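On a predicted model such as this, the values are computed, not experimentally measured, just so you know. Throughout, numbering of the chain's residues begins at 1 and tracks the sequence.
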Amino acid sequence: MPSTRKSPSHRAWVLLAPLVAIVAMFSWLGLHGDRAQATGEPARTQAGARVTFSSLKDWNLKAENLSPRGRSPLYFPLEPGFKYIMERPNRSGGHFRVEVLVLDKTEPFDIPGIGKFETAIVQEEAFDDGVLDQRAENWFCIDKSTNHIYSFGEVRWETDKLGRDVLAGTWRAGEDDGNGIAEPGLLMPEPFVVGDRYVSDGHEATAHGYTENMEKGLSITVPAGTFEDCVRTRENSLTNPSDITDKWWCPGVGIVKDQSVGELVASDALPQTDMSSFGRHHRQNAAQTTPPVAKITDSQATEIALKEVPGKVTSIEIERLGKYNVYAVEIIAKEDGVETDVFVDLESGKIVGTDK
């Protein structure tokens, strides 16, 4: 699922995480039945915290069981043409919208120890105030023997200030990740057991993290409706300890709320939902953004940003934020030590948003 500009402390869809040294000695026992539970000597995160989770060696993946099509109770259907929309109206940059579509085509894999198989290609497009900002193709599949949903990687693009796609990063299970071989991630286990932890992204340089099952039996209301017997998961980065995202999933529907992305507003899984707005921003054929002309300097932008968030500036870049061209000033806040982006409009010098 799109994860977003920052979730919560870095722009997770666009920026590559730095290659970090992760303690290499992981010791897991196998799964018990269909559970994603692991025990043994805990691994360490970058911050030094101990954590135990299951990974590829626990899952007994076999190509003959892996399919690009199918359904798992808490995940959205991996069926061609299935689509849903999530929105976050008050996000930095304005109205944030994500459209997700399961494409007709599939992605082939051939991984030693697993074999040859196909994955679904799930497209995500993110819009800030109606302007396409990011696009991704994710490679997912279902294990027919367990109903677990797995990720085998992704490729992502960001849209530059001229409206062109620029490769933002990719990772693929079975390929070198700079510290070994990238492994798949488990996206949703079946059954859902509170307390289970499992690797969700297996590339140590680009996307490395684990998910913990936090709660079940929840009731939640979002714009798309009220849902019962839902669950909450928490995604944790193994390279950035402050990168934590909670997500809520409901039977027969899949994701309904994401702290970073927003809430479900429409889905093919809901018969009464109006999906006519899907793709509307493409149909509107909005004019491409013209090259920005900066009327303030980066030094002036830094000064403006530091008045808003006192602290230490770690970087400043020109970016597009919805309809604005901005200086993105990254600051480690003096007050709480949290990494914060302050977005300063290139032309007016006004602050148009912040993001932690």
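- Partner of Tyr150 under the ring-ring contact (aromatic ring centres under 6.0 Å, His included) criterion, out of Trp59, Phe140, Tyr75: Trp59 alone.
- Side-chain contact between Leu56 and Leu61 is present, with heavy atoms from C-beta onward closer than 4.5 Å.
- Although no hydrogens or angles enter the test, the distance criterion places no donor-acceptor pair under 3.5 Å between the side chain of Thr354 and the main chain of Val342.
- Residues Leu186 and Met214 fall into different hydrophobic clusters, defined by Ile, Leu, Val, Met, Phe, Trp and Tyr side chains chained together at heavy-atom separations under 4.5 Å.
- A distance of 10.5 Å separates CD1 of Ile331 from CD of Glu339, quoted to the nearest 0.5 Å.
- Remark: the backbone N or O of Glu107 is paired with a side-chain donor or acceptor of Thr119 at under 3.5 angstrom.
- In this structure a side-chain-to-backbone donor-acceptor pair under 3.5 Å is missing from Asn325 to Leu346.
- Rounding to the nearest 0.5 angstrom, the gap separating the OG atom in Ser54 from the NE2 atom in His148 is 8.0 Å.
- By the criterion of side-chain heavy atoms lying less than 4.5 angstrom apart, applied directly or through intervening Ile, Leu, Val, Met, Phe, Trp or Tyr residues, Val261 is grouped together with Tyr84 in one hydrophobic cluster.
- In terms of modelled atom types and a separation under 3.5 Å, the side chain of Glu87 and the main chain of Val98 share no donor-acceptor contact.
- Interatomic distance, Asn138 CG to Arg156 CZ, rounded to the nearest 0.5 Å: 5.5 Å.
- Scanning all heavy atoms of the two residues, the minimum distance from Gly252 to Ala269 falls at O-CB, 3.4 Å.
- Counting only heavy atoms from C-beta outward, the side chains of Pro73 and Asn147 approach each other to under 4.5 Å.
- Residues forming a side-chain contact (heavy atoms from CB on, under 4.5 Å) with Arg69 (at least two apart in sequence, or on another chain): Ser67, Glu79, Pro80, Val102, Thr106, Ala120.
- At distances below 3.5 Å, not a single donor-acceptor pair connects side-chain atoms of Asp176 with backbone N or O atoms of Ile181.
- Under the side chain to side chain contact (heavy atoms under 4.5 Å, CB included) rule, Asp177 has a single partner from Arg172, Glu204, His208, which is Glu204.
- Remark: Glu183 CD to Ile111 CD1 distance equals 9.5 Å, nearest 0.5 Å.
- At least one test fails for Arg232 against the ring of Trp249: distance under 6.0 Å to the centre or angle within 45° of the axis.
- Shortest non-hydrogen contact noted between Val231 and Lys216 is CG1-CB, 3.6 Å.
- Pairing each heavy atom of Leu74 with each of Cys250, the nearest pair is CD2-C, 3.9 Å.
- Using a 4.5 Å heavy-atom threshold, the side chains of Lys350 and Val344 count as separate.
- With a 4.5 Å cut-off on side-chain heavy atoms, Ser267 and Phe76 do not count as touching.
- Hydrophobic cluster of Leu132: the remaining members, joined at side-chain heavy-atom separations below 4.5 Å, are Phe127, listed by chain and number.
- Cluster membership check: Leu103 shares its hydrophobic cluster with Ile85, using side-chain heavy-atom separations under 4.5 Å among Ile, Leu, Val, Met, Phe, Trp and Tyr.
- Without hydrogens or angle criteria, Glu308 side chain to Ala305 main chain gives no donor-acceptor distance under 3.5 Å.
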Quick one: do Trp248 and Phe227 satisfy ring pair (Phe, Tyr, Trp, His ring centres under 6.0 Å)? Show the steps, please.
-> CA-CA 10 Å; Trp248 288 257; Phe227 304 94; over 10 Å; no
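- Taken to the nearest 0.5 Å, the OG1 atom of Thr233 stands 13.5 Å off from the CZ atom of Arg197.
- Between Leu101 and Val122 there is no side-chain heavy-atom pair separated by less than 4.5 Å.
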- Taking it one step at a time, do Asn236 and Thr211 satisfy side-chain contact (heavy atoms from CB on, under 4.5 Å)? CA-CA 6 Å; Asn236 304 266; Thr211 296; over 6 Å; no
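- Contact record, Ala301 with Val329: O-CG2, 4.1 Å, taken as the closest heavy-atom pair.
- For the pair Asp345 (side chain) and Ser348 (backbone), a donor-acceptor distance under 3.5 Å is present.
- Using a 4.5 Å cut-off on side-chain heavy atoms (C-beta onward), Ile351 and Phe343 make no contact.
- In this structure, the side chain of Asp246 does not engage the main chain of Arg234 through any donor-acceptor pair within 3.5 Å.
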Test side-chain hydrogen bond (donor to acceptor under 3.5 Å, both in side chains) applied to Glu228 and Ser219, step by step: CA-CA 4 Å; Glu228 305 294 335; Ser219 175; 3.1 Å; yes
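- Other residues, nucleotides and ligands contribute more than 12 heavy atoms inside 6.0 Å of the NZ atom of Lys83.
- Connection of Trp171 to Phe117 is not established within any shared hydrophobic cluster, with ILVMFWY side chains joined at heavy-atom distances below 4.5 Å, either directly or through further cluster members.
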Practice prompt. Show your reasoning for whether side-chain contact (heavy atoms from CB on, under 4.5 Å) applies to Lys257 and Ile220.
Written response: CA-CA 9 Å; Lys257 183 177 179 180; Ile220 185 169; 3.9 Å; yes
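- In plain terms, the two heavy atoms of Pro184 and Val199 that are nearest each other are O-CG1, 4.2 Å.
- For the pair Ser277/Arg97, a side-chain contact is recorded, criterion being any heavy-atom separation below 4.5 Å from C-beta on.
- Hydrophobic clustering of Ile, Leu, Val, Met, Phe, Trp and Tyr side chains at less than 4.5 Å, counting indirect connections, keeps Ile332 apart from Leu306.
- Within the 4.5 Å cutoff, the side chain of Pro189 has no heavy atoms near those of the Asp196 side chain.
- Donor-acceptor pairing under 3.5 Å is lacking for the side chains of Thr245 and Glu235.
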| field | Stepwise side-chain contact (heavy atoms from CB on, under 4.5 Å) test for Asn65 and Lys62 | value | CA-CA 6 Å; Asn65 296 330; Lys62 297 179 180 179; 3.9 Å; yes
Report the C-alpha separation of Gln300 and Thr302 in whole Å, then their side-chain angles, then the decisive distance to 0.1 Å, and conclude whether the side-chain contact (heavy atoms from CB on, under 4.5 Å) test is met.
CA-CA 5 Å; Gln300 290 172 318; Thr302 298; over 6 Å; no
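- Here the OG-CG distance, from Ser145 to Asn60, works out to 7.5 Å after rounding to the nearest 0.5 Å.
- Ion pairing between a basic and an acidic side chain is recognised when a charged N comes within 4.0 Å of a carboxylate O; Glu263 and Arg88 show no such pairing.
- Using bins of under 30°, 30° to 60° and over 60° for the plane-to-plane angle, the ring pair Phe152/Phe109 lands in the tilted bin.
- Salt bridge status for Glu64 with Lys116: absent, with no side-chain N to carboxylate O gap under 4.0 Å.
- With ring centers used as reference points, Tyr198 lies 6.0 Å or more from Phe53.
- Between Ile244 and Gln259, the shortest heavy-atom distance links the atoms O-OE1, 4.0 Å.
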